[in-house]
Amino acid sequence: MGETVEIPVEWREHIHPRRGGIPGPPVALDEVAAERAREWDLAARPIAEEMLEHERTDPELGQALRAWLDGEADPAGAAGVAAAAVKYVEGVDATAFLDAWVLDHGLAFAACAVTEAFSIEPGPVPRPATPGSGGAVLLVAYGDGAPRGWRGEIRRVTFHDHFPVSRWVAKDAVVKRLRTLLAAASEDEYGDAVARLSRRRGDVWRRRVASYLVPTETAWLDGSPGSSFGSRELDYEFLLCSLSSAAQIGDVRWIPVTPAVMGTLLDGLGADALPLLEIALRQGLNADETRPIVLQALMGIADEAVFPLLLGHMGEKGVPAALQEAAERHPEQALRALAPLIGDDTTRGLQAAGTVRGLLYARPGLAEAVPPGSVEALLPRPAVPDCADLPDVLSGKPTRSAKADWADPALLPRILTRGRDGALPASATRRLLNLLARKAPEAAQVRAFCDRHSLAEFSWAVFERWQALGAPTRHNWALAQLGLIGDDTTVRRLSPLIKLWPGQGLTGRAATALDVLAAIGSDVALTHLFELTRRGRYKGLKARAVLKIDEIAAARGMTRDGLADRAVPDFGLDERGTLVLDYGPRRFTVTFDEQLVPLVVEPNGKVRKSAPKPGPKDDPALAPAAHALFTGLRKDLRTIADQEIRRLELAMTTRRSWTPEDFRTLFVAHPLLGHIVRRLVWTTASGTAFRVDEGRDYATVGDDPFAPAPDDRIGIAHPVLLGDDLRAWAELFADYEILQPFEQLGRPVHRLTEDERGAHRLARVEGLVLPYGKAKGHSQGRWESVDADGGFAGGWLARRDPAGLYVVADLSPGLGHYMYGEGEDQKINAVWAGPAPARAPKDTVPLGQVDPVTMSEAVHDLVRSAF
């Protein structure tokens with residue numbers, strides 16, 4: 001135990017000592033107190049004599065009393081007389097009996113007598129309270145003429161004894177003193193006590209006391225302290241202090257948090273006390289007072305399990321500092337526990353990374369204790385000479401700043417210069433940190449002087465360190481600075497956290513992180529911002545992302561859609577839309593399928609889903625870099641590919657279009673989007689459908705070359721617009737084995753008949769019934785259910801066409817505002833078209849006036865969703 005736990009020195013005098021553990025303060029026996037106890041024993045003997053003759057006295061106890069009164073050293077008899085003295089002799093100090101028993105009969109006898117005292121009570125068993133009695137106990141006082149036998153019997157305690165007198169004979173101070181004496185006793189004395197106590201464990205009361213007095217007898221603790229044992233047992237604190245192994249813990253649900261209990265648990269259980277400390281850490285009662293005691297106990301345990309436990313409570317006062325101190329005390333355990341958590345795109349992973357990086361930079365030799373492949377990115381880089389020629393913004397002696405002092409440059413990666421042949425000296429790094437702490441815009445000037453990758457790594461390390469310290473709000477510049485010196489890698493790391501933070505009560509932090517993405521402003525950053533507007537569980541976050549996108553679009557003088565068109569990263573692909581992975585002796589080509597999933601093509605033409613791991617014959621520098629490049633690309637595309645495919649499908653259903661010049665620049669020539677463009681049929685506003693071939697030329701369904709007029713508009717062809725050519729286009733794509741990114745040519749088409757075009761109601765869908773969940777989903781997607789004031793309507797679904805007309809489906813009984821998963825099925829009473837949605841058909845127009853794409857999609861949604 002001593003090798004795994006460290007118990008604070010100031011706690012040791014409070015601990016319940018155990019044999020083989022931390023010794024308690026010496027116990028001095030009091031001869032004066034013992035003499036008083038002997039006198040009280042003599043005074044109580046006539047009372048005990050009378051009580052043992054009572055007809056209800058337990059025969060076994062009566063025999064023990066008789067033996068004690070006759071001069072035999074019987075522990076039960078001694079305890080019985082002491083109990084009678086406490087109850088019936090005036091002015092008795094029950095604790096003095098322990099001194100008398102030890103001095104007169106030895107330690108083993110005293111242990112047995114105290115144990116017996118817990119199970120002995122003078123007087124009759126109290127009658128249970130009856131209705132109307134209020135639980136009161138009636139006491140009868142007698143004068144000098146009290147009848148013989150009025151005091152009752154000597155008996156064993158029952159569960160009806162709410163205030164047993166004999167408890168004072170063996171109260172807490174007594175049993176703790178006795179346990180201290182036993183812990184320090186000689187081998188013979190201790191062995192004698194154990195042997196004699198083993199024969200006196202007759203009931204639950206005696207068993208618990210015996211287990212506490214000699215906790216080395218682990219088999220004696222039957223049942224756990226979390227069980228219910230009645231009101232007459234040893235105090236709960238003492239029961240916990242009887243524990244010696246994890247198997248005895250059981251279903252403990254509450255821990256009294258004191259230095260005595262915490263220290264005793266560590267002394268008796270070592271690292272096995274962790275489950276109990278976790279319970280104590282979760283307790284809400286007086287948490288601010290008790291938490292420091294629990295944390296002090298946790299910091300003394302050299303066990304890997306301590307660190308995930310602390311990470312789970314990082315939002316609580318004192319825990320971040322405790323994590324840092326525990327890591328400094330037990331660095332190897334911290335590394336082994338925290339290394340597997342790094343890189344899991346969670347706040348916990350950040351906290352782990354910040355802690356581990358600090359350890360590795362402070363003690364580089366610890367890297368040998370870390371499993372290979374786990375934290376290489378956090379290791380200090382090879383030494384690089386300091387750069388002497390610094391820009392003005394980094395020159396001069398740095399001042400001390402309370403805002404930035406926690407970010408020690410010695411615990412952070414060094415920032416390389418643009419040529420990567422020098423590094424910023426510590427003084428320049430400190431000046432940069434001071435600028436970042438003030439959120440000074442001039443801090444961004446260092447980007448022109450420093451290597452962008454190492455600058456971004458430094459920026460992220462500052463952010464990780466802040467997280468490891470509990471992310472104190474007074475230092476929230478550590479998040480904002482990511483927008484000044486971060487890069488696309490920062491964006492990819494930050495986006496998963498933004499999605500999580502609102503659910504952790506960190507909505508404000510998520511909002512600040514959106515500002516960070518906007519400040520970085522790259523195509524990757526904008527793409528992730530757009531992704532946050534479309535996905536996520538938190539409406540507030542999505543709305544905030546939309547506002548941020550609109551701000552950026554307005555600043556650039558374009559629409560939100562126009563910004564989205566121009567914010568698609570090219571990921572370094574060449575003009576053919578491919579990427580070469582150079583392993584030295586081996587080279588692979590990356591291409592993409594119809595879902596923009598990256599594929600690796602070997603020189604022999606074999607296609608594989610992932611890049612091969614570097615081998616012993618590959619270049620030791622090129623191969624790992626190429627493999628990492630592919631891994632990063634695949635991770636990015638998990639976010640971007642689906643987003644772009646959905647965006648283009650929406651463009652088809654909403655009839656969005658582009659000029660021929662924008663179409664070629666933004667789509668045809670784009671290295672990534674070009675892979676999708678070639679898998680779709682496009683159409684001009686003048687009515688000509690075409691495709692883009694492998695050479696980026698345009699061709700009609702008959703494979704004739706085509707060039708759109710400069711003033712024409714180009715959009716994605718909805719199949720309803722292809723008319724009689726739809727089948728021909730489908731056959732052409734099948735012949736060329738072109739797979740489409742979304743359903744276009746095979747999409748169900750719903751054209752209006754001539755009668756329906758002139759009608760004001762669409763009878764073919766009226767009467768259909770939609771499951772509640774489907775209808776509710778439509779109201780939050782391509783349809784809407786919002787009244788003129790912006791409030792939720794619920795009585796209808798409406799879909800707007802490009803010209804401003806609405807297709808409206810009247811629902812009965814209507815959607816609930818707060819209900820999402822459950823509700824009544826919705827019957828379509830009427831489907832009509834008009835300039836504005838309403839609860840009933842109003843100002844209707846012939847259905848033929850509605851855009852045919854909008855009408856086809858509306859009918860498709862309703863028919864597909866109905867029972």
Side-chain angles (χ1 to χ4, degrees), residues 530-537 539 542-543 545-546 549-550 559-561 564-565 642-657 680 715-721 740-744 746-752 762 764-766 768-788 790-811 814-815 817 819-821 823 826 828 830-838 847 849-866:
F530 273 108
E531 199 259 347
L532 289 168
T533 68
R534 298 184 177 98
R535 292 192 179 188
R537 299 166 51 192
K539 289 186 176 181
K542 293 169 70 174
V546 169
I549 286 289
D550 289 343
T559 65
R560 188 190 307 168
D561 287 336
D565 290 338
D642 181 64
Q643 175 179 305
E644 292 304 312
I645 290 170
R646 287 177 178 272
R647 190 168 71 87
L648 291 180
E649 184 177 18
L650 182 63
M652 179 186 74
T653 60
T654 58
R655 302 290 298 275
R656 188 164 174 240
S657 62
L680 296 170
I716 302 172
H718 191 281
V720 77
L721 303 177
Q740 296 199 287
F742 56 81
E743 199 174 37
Q744 184 193 26
R747 197 179 195 88
V749 173
H750 298 271
R751 296 186 178 89
L752 298 179
L762 188 60
R764 69 161 108 162
V765 293
E766 294 180 357
L768 294 178
V769 177
L770 308 181
Y772 182 87
K774 296 279 189 181
K776 189 68 176 181
H778 287 322
S779 75
Q780 298 166 338
R782 290 171 291 192
W783 297 72
E784 60 184 76
S785 188
V786 180
D787 59 29
F792 184 74
W796 43 261
L797 294 171
R799 185 161 182 155
R800 188 179 184 274
D801 81 351
L805 287 175
Y806 286 87
V807 179
V808 185
D810 176 46
L811 303 178
L815 300 169
H817 182 67
M819 297 175 65
Y820 291 88
Q826 301 294 309
I828 301 175
V831 173
W832 50 280
L847 297 176
Q849 293 186 20
V850 178
D851 171 65
V853 172
T854 303
M855 182 58 74
S856 179
E857 290 293 308
V859 174
H860 175 58
D861 284 347
L862 298 177
V863 170
R864 181 184 57 181
S865 301

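All values reported here derive from a predicted model rather than from experimental measurement.
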Would you check if [X] and [Y] make a side-chain contact, meaning some heavy-atom pair closer than 4.5 Å?
X: V850; Y: Y806; result: no
X: V720; Y: R751; result: yes
X: F530; Y: R647; result: no
X: R782; Y: R799; result: yes
X: K776; Y: S779; result: yes
X: L815; Y: L797; result: yes
X: D810; Y: V831; result: no
X: R656; Y: D565; result: yes

Where the side chain of [X] meets the backbone of [Y], is there a donor-acceptor pair that is under 3.5 Å apart?
X: S785; Y: G794; value: yes
X: S856; Y: V853; value: no
X: Q643; Y: E531; value: yes
X: Q744; Y: A717; value: yes
X: D801; Y: D851; value: yes
X: S865; Y: L862; value: no

So, taking the atom named [atom1] in [X] and the one named [atom2] in [Y], what distance separates them when rounded to the nearest 0.5 Å?
X: R747; Y: H860; atom1: CZ; atom2: NE2; result: 6.0 Å
X: F742; Y: T653; atom1: CZ; atom2: OG1; result: 8.5 Å
X: T654; Y: H718; atom1: OG1; atom2: NE2; result: 10.5 Å

Nearest atoms (heavy-atom pairs only) where [X] meets [Y]:
X: W783; Y: D861; value: NE1-OD2, 2.9 Å
X: E766; Y: A830; value: OE2-CA, 3.3 Å
X: Q826; Y: L811; value: OE1-CB, 3.7 Å
X: W796; Y: A838; value: CD1-O, 3.2 Å
X: E743; Y: G746; value: OE2-O, 3.5 Å
X: L532; Y: K542; value: O-CG, 3.4 Å

Is any side-chain N of the basic residue among R655 and E857 closer than 4.0 Å to the acidic one's carboxylate O?
->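 Result for this pair is no, no salt bridge flagged.
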With the threshold set at 4.0 Å, does a side-chain nitrogen-carboxylate oxygen contact exist between R646 and E649?
->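 Answer for the salt bridge query: no.
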Could you go through the side chain to side chain contact (heavy atoms under 4.5 Å, CB included) check for R764 and V859 one step at a time?
-> CA-CA 9 Å; R764 69 161 108 162; V859 174; 4.2 Å; yes
Step by step, work out the side chain to side chain contact (heavy atoms under 4.5 Å, CB included) result for Q740 and I645.
-> CA-CA 10 Å; Q740 296 199 287; I645 290 170; over 6 Å; no
More than 12 foreign heavy atoms under 6.0 Å from NZ of K774: is that the case here?
->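 Open: at most 12 neighbouring heavy atoms sit under 6.0 Å from NZ of K774.
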Intermediate values then yes/no, side chain to side chain contact (heavy atoms under 4.5 Å, CB included), V546 and R560 = CA-CA 9 Å; V546 169; R560 188 190 307 168; 3.4 Å; yes
